[in-house]
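Before any comments, here is the structure.
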Protein chains: 2
Amino acid sequence: MSQTDTVSRILDAAEVLFAERGFTETSLRTITSTAGVNLAAVNYHFGSKKELIQAVFERFLTPFTDSLAAELDRRVAAGERLSVEGLLESLYRVGMGSLAAEGRDPQRFMRLLGLAYTQYQGHLRRFIVSRYGDSYRRFAGLLAQALPGLDPVTFYWRLYFMLGATIFTLSSFDAIEAILREDFGAQSNLPETLERLVPAAAAMLKVDAER
Amino acid sequence: MSQTDTVSRILDAAEVLFAERGFTETSLRTITSTAGVNLAAVNYHFGSKKELIQAVFERFLTPFTDSLAAELDRRVAAGERLSVEGLLESLYRVGMGSLAAEGRDPQRFMRLLGLAYTQYQGHLRRFIVSRYGDSYRRFAGLLAQALPGLDPVTFYWRLYFMLGATIFTLSSFDAIEAILREDFGAQSNLPETLERLVPAAAAMLKVDAER
DNA sequence: CCAATAACCAAACGAGCGTTTTAATTGTTG
DNA sequence: CAACAATTAAAACGCTCGTTTGGTTATTGG
């Protein structure tokens with residue numbers, strides 16, 4: 001078993017288990033036995049559990065923000081007028097695409113993102129902000145441009161409303177979908193839910209704007 | 001020190017600490033030393049840590065759902081036509097009022113609610129659904145009535161979008177407010193944020209409805 | 001007033017945790 | 001092929017956790 005094998009097997013197992021139960025509730029013993037590697041391998045390859053958590057986030061956030069940057073570059077270069085809906089679609093499409101391309105589960109990353117915001121892991125928040133803060137600010141800036149006439153403070157709050165609706169819904173997608181199926185017999189999938197989310201979130205962002 | 005003292009001191013400490021760090025990250029030793037009571041008191045009075053968690057939720061959810069029910073009764077009896085905005089305002093006002101009345105912090109409960117959804121605590125989700133599911137369904141039903149012409153599945157998803165925006169934003173209120181203050185020098189408070197949230201959430205719920 | 005019951009407390013138990021150590025094994029390279 | 005570095009492996013360390021035990025102190029009803 002080569003090094004990359006062990007490292008990525010650990011990351012695969014950690015990703016799934018963290019998303020399922022959170023960080024504190026997942027022990028290194030569970031991770032390593034799921035991955036089929038020795039317990040000491042985590043500390044050998046990653047240094048500590050904290051650094052493993054960061055590595056899990058880095059492995060999916062870096063391709064995601066890179067793809068998003070490329071997508072935004074492309075559309076800006078083409079001189080497109082970027083609408084609120086268009087920006088949200090780009091965000092969601094890249095989120096689905098850049099990860100699904102690697103055969104990984106997009107909603108798992110939404111759960112991880114939700115955990116990053118919710119759980120008591122100061123190091124993780126600092127890591128994400130320092131590493132991916134620029135990407136976030138660029139997207140937020142373009143979104144603000146698409147909402148002229150909206151005062152900055154209102155925009156900022158609504159940005160968080162939108163993030164909350166997105167992260168909360170998608171990270172609980174399975175649970176919500178199960179309730180829906182039980183109560184209405186209607187089944188949904190992730191792309192369909194995102195199609196519902198785009199106009200809803202856009203409407204929320206645009207109230208009283210664009211005068 | 002009478003029994004009620006010990007019990008409520010434990011609940012007070014647990015409420016604050018759980019909201020700050022989550023359930024797993026808060027030990028009974030931290031709780032009992034903060035409360036100034038003996039370690040064994042938790043297991044004596046509550047039985048287990050799980051039951052303590054449930055008791056913390058019960059103590060704020062029961063007054064909240066009771067007040068909400070009374071408020072809705074009052075408005076329905078008065079023959080008021082309940083608008084989306086009106087329902088959201090009732091929800092938030094009761095959330096602020098029924099808790100602030102006891103001198104407790106409303107956004108702490110938002111953090112706890114967020115944790116209930118996010119953290120890996122099956123027993124807690126079951127407890128809340130079985131105990132407060134009826135209140136939830138009544139509010140959702142009234143909200144659906146205020147949105148005629150919206151198909152049930154779309155309504156249900158948007159209800160979760162709204163819940164996500166609310167819980168996510170309010171449970172991270174301090175963090176978001178700190179960023180805002182730093183970037184814009186503008187400070188907000190909770191009532192003001194709720195005033196921003198009502199029209200935004202209402203707009204999201206109402207897209208393409210009420211035709 | 002005094003048994004009976006409830007409440008409290010210090011100490012310990014066993015289990016699980018992240019991490020470290022030491023040794024064996026594998027892979028690489030001159 | 002020998003020498004060296006990188007990796008894997010087994011075992012243990014020190015610590016914290018939730019819970020339990022056994023004994024002491026308060027409270028209370030007859």
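By convention in this document, chain letters (A, B, ...) are assigned in the order of the sequence lines, proteins followed by strands, and residues within each chain are numbered from 1. What's counted below: heavy atoms across the whole structure, side chains too, no hydrogens, waters or symmetry copies.
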| said: Without decimals, in angstroms, what is the distance between B/Leu17 CG and D/dG18 C1'? | reply: 16 Å
| task | Determine: side-chain N/O of B/Asn43 to OP1/OP2 of D/dT19, distance under 4.0 Å, yes or no. | result | yes
| Lys/Arg N to Asp/Glu carboxylate O, B/Arg137 vs B/Asp134, below 4.0 Å | yes
Below 3.5 Å between N/O atoms, which protein atoms pair up with nucleotides 13-16 of chain D? Just atom names and distances, please.
none

| note | Considering only heavy side-chain atoms of A/Leu28, the closest of D/dG18, C/dT19, D/dT8 is C/dT19
| task | Side chain of A/Asn38 only, please: which of D/dG18, C/dC9, D/dT8 is the nearest? | result | D/dT8
| request: Show your reasoning for whether side chain to side chain contact (heavy atoms under 4.5 Å, CB included) applies to A/Val42 and A/Lys49. | output: CA-CA 7 Å; A/Val42 168; A/Lys49 188 179 180 179; 5.6 Å; no
| note | With both pairing distances under 3.5 angstrom for Watson-Crick or G-U wobble, and | for a partner in another strand, the correct string for DNA chain D is ||||||||||||||||||||||||||||||
| request: Between C/dT19, D/dT21, D/dA10, spot the one nearest the side chain of B/Ala40, thanks. | output: D/dT21
| said: Does D/dT8 have its OP1 or OP2 closer than 4.0 Å to a side-chain nitrogen or oxygen of A/His45? | reply: yes
| task | Please report, rounded to the nearest Å, how far the P atom of D/dG18 is from the NZ atom of B/Lys50. | result | 13 Å
| request: Name the nucleic acid region contacted by B/Thr26, choosing base, sugar-phosphate or nothing; use a 4.0 angstrom heavy-atom cut-off, strictly under. | output: sugar-phosphate
| request: Specify the separation, in whole Å, of atom CG of B/Leu39 and atom P of C/dC13. | output: 15 Å
| query | In whole angstroms, how far is the P atom of D/dA11 from the OH atom of A/Tyr44? | reply | 21 Å
| note | Only residue of A/Phe23, A/Phe109, A/Phe60 satisfying ring-ring contact (aromatic ring centres under 6.0 Å, His included) with A/Phe18 is A/Phe23
| DNA chain C: 5'-proximal contact among A/Gly47 and A/Thr30 (nearest heavy atom) | A/Thr30
| field | Donor-acceptor pair between B/Tyr132 and B/Thr62 side chains, under 3.5 angstrom | value | yes
| query | side chain to side chain contact (heavy atoms under 4.5 Å, CB included) between B/Tyr156 and A/Asp183: does it pass, once the steps are laid out? | reply | CA-CA 10 Å; B/Tyr156 222 80; A/Asp183 291 4; 3.9 Å; yes
Only distances under 3.5 Å count here; give the side-chain donor-acceptor pairs of residues 159-173 of chain A to other protein atoms, sequence neighbours excluded, each with its distance to 0.1 Å.
residue  : atom : partner  : partner atom : Å
A/Thr166 : OG1  : A/Tyr92  : OH           : 2.9
A/Thr166 : OG1  : A/Met162 : O            : 2.9
A/Thr169 : OG1  : A/Ala165 : O            : 2.4
A/Ser171 : OG   : A/Ile167 : O            : 2.9
A/Ser171 : OG   : A/Phe168 : O            : 3.3
A/Ser172 : OG   : A/Phe168 : O            : 3.2

| said: Suppose we screen for side-chain contact (heavy atoms from CB on, under 4.5 Å). Which residues come up paired with B/Thr24, at least two apart in sequence or across chains? | reply: A/Thr24, A/Glu25, B/Gln121
| Pairwise side chain to side chain donor-acceptor pair (under 3.5 Å) hits with a residue in residues 28-42 of chain A, at least two apart | A/Ser27-A/Thr30
| task | Figure out the CZ/C1' separation between B/Arg9 and C/dC9, and round it to whole Å. | result | 15 Å
| query | Does OP1 or OP2 of C/dC8 have a side-chain N or O of B/Thr6 closer than 4.0 Å? | reply | yes
| Of all heavy-atom pairs between A/Arg111 and A/Glu20, which one has the smallest distance, and what is that distance? | NH2-O, 4.4 Å
| message | In whole Å, I'd like the distance from the CG atom of B/Leu52 to the P atom of D/dC17. | response | 15 Å
| task | Could you tell me whether B/Ala41 contacts a base, only the sugar-phosphate backbone, or nothing, with contacts defined as non-hydrogen atoms closer than 4.0 Å? | result | nothing
| task | Check the distance between C/dT26's P and A/Asp5's CG and give it to me in whole angstrom. | result | 16 Å
Can I get a per-line list of side-chain donor-acceptor pairs under 3.5 Å for residues 184-192 of chain A, giving both atom names and the distance, sequence neighbours left out?
residue  : atom : partner  : partner atom : Å
A/Ser188 : OG   : B/Trp157 : NE1          : 3.3
A/Asn189 : OD1  : A/Glu192 : N            : 2.9
A/Glu192 : OE2  : A/Arg196 : NH2          : 3.1

| field | B/Glu25 CD to C/dC17 P, straight-line distance once rounded to whole Å | value | 14 Å
